[in-house]
Amino acid sequence: MLNRSRQVTCPTCSGTNYWKGNPDPTSALHCRYCENFVTTYDDYIRSAIQHEAEQLLAQFTEARTADDLAYLKRVLAEPEQRLSA
């Protein structure tokens, strides 16, 4: 379900980079080719989860998934706004 390859493409040179071991959330990944900062592990995980959620929503609906995720976040953040069945 979740892409666990830990493969990250450098936005500067498009080189492929990988996380090694079990990094801390604040661990920074630098490109092994151009040595530029790529991302932190926390940001990488958040991005991977959001991408995965967008793909799952796209399988079940033809709506704009970014808007659906924003709505879902709002509803989950404010339980009093949920409709009771």
Side-chain angles (χ1 to χ4, degrees):
M1 184 157 145
L2 210 73
N3 178 6
R4 297 175 194 248
S5 70
R6 295 184 178 185
Q7 180 177 329
V8 183
T9 304
C10 176
T12 305
C13 71
S14 299
T16 303
N17 299 279
Y18 300 93
W19 292 99
K20 295 180 182 177
N22 192 16
D24 293 326
T26 57
S27 294
L29 180 66
H30 290 84
C31 181
R32 61 185 174 159
Y33 302 102
C34 68
E35 299 181 3
N36 284 332
F37 171 78
V38 179
T39 188
T40 63
Y41 190 63
D42 188 46
D43 289 341
Y44 163 74
I45 292 296
R46 289 176 192 271
S47 173
I49 291 171
Q50 180 174 355
H51 179 70
E52 200 68 30
E54 287 174 357
Q55 286 183 331
L56 285 172
L57 282 172
Q59 289 178 0
F60 299 105
T61 179
E62 294 180 12
R64 295 182 311 228
T65 57
D67 292 340
D68 291 342
L69 278 177
Y71 174 74
L72 183 60
K73 285 180 184 178
R74 274 197 322 272
V75 169
L76 292 175
E78 301 176 21
E80 65 275 1
Q81 297 296 325
R82 296 182 200 160
L83 297 175
S84 56

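Numbering starts at 1 and runs along the sequence shown. Being a predicted model, the structure only gives us computed values, none of them experimental.
- The CG atom of L69 sits 11.5 Å away from atom CD1 of I49, with the distance rounded to the nearest 0.5 Å.
- Proximity of a side-chain donor or acceptor of R32 to a complementary backbone N or O of T16 within less than 3.5 Å is detected.
- Residues F37 and I45 fall into different hydrophobic clusters, defined by Ile, Leu, Val, Met, Phe, Trp and Tyr side chains chained together at heavy-atom separations under 4.5 Å.
- The backbone N or O of R6 lies less than 3.5 Å from a partner atom in the side chain of Y44, making a donor-acceptor pair.
- To the nearest 0.5 Å, atom CZ of residue R46 and atom OG1 of residue T39 are 11.0 Å apart.
- In terms of heavy atoms, P11 sits closest to V38 at CD-CG1, 4.1 Å.
- Here CG of N17 is found 10.5 Å from CG of N36. Values are rounded to the nearest 0.5 Å.
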Open item on the list: Pair D42, T26 - check side-chain contact (heavy atoms from CB on, under 4.5 Å), show working.
Closed with: CA-CA 6 Å; D42 188 46; T26 57; over 6 Å; no
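- Here CD of Q55 is found 11.5 Å from CD of Q50. Values are rounded to the nearest 0.5 Å.
- W19 and Y41 have perpendicular rings, their planes meeting at more than 60° on a 0 to 90° scale where under 30° would count as parallel.
- Going from atom OG1 of T40 over to atom CG of D24 covers 11.5 Å, rounded to the nearest 0.5 Å.
- When the shell of 6.0 Å around NE2 of H51 is examined, it contains 12 or fewer heavy atoms from other residues, nucleotides or ligands.
- Here the straight-line distance linking atom CG of L76 with atom CZ of R74 works out to 11.0 Å at 0.5 Å rounding.
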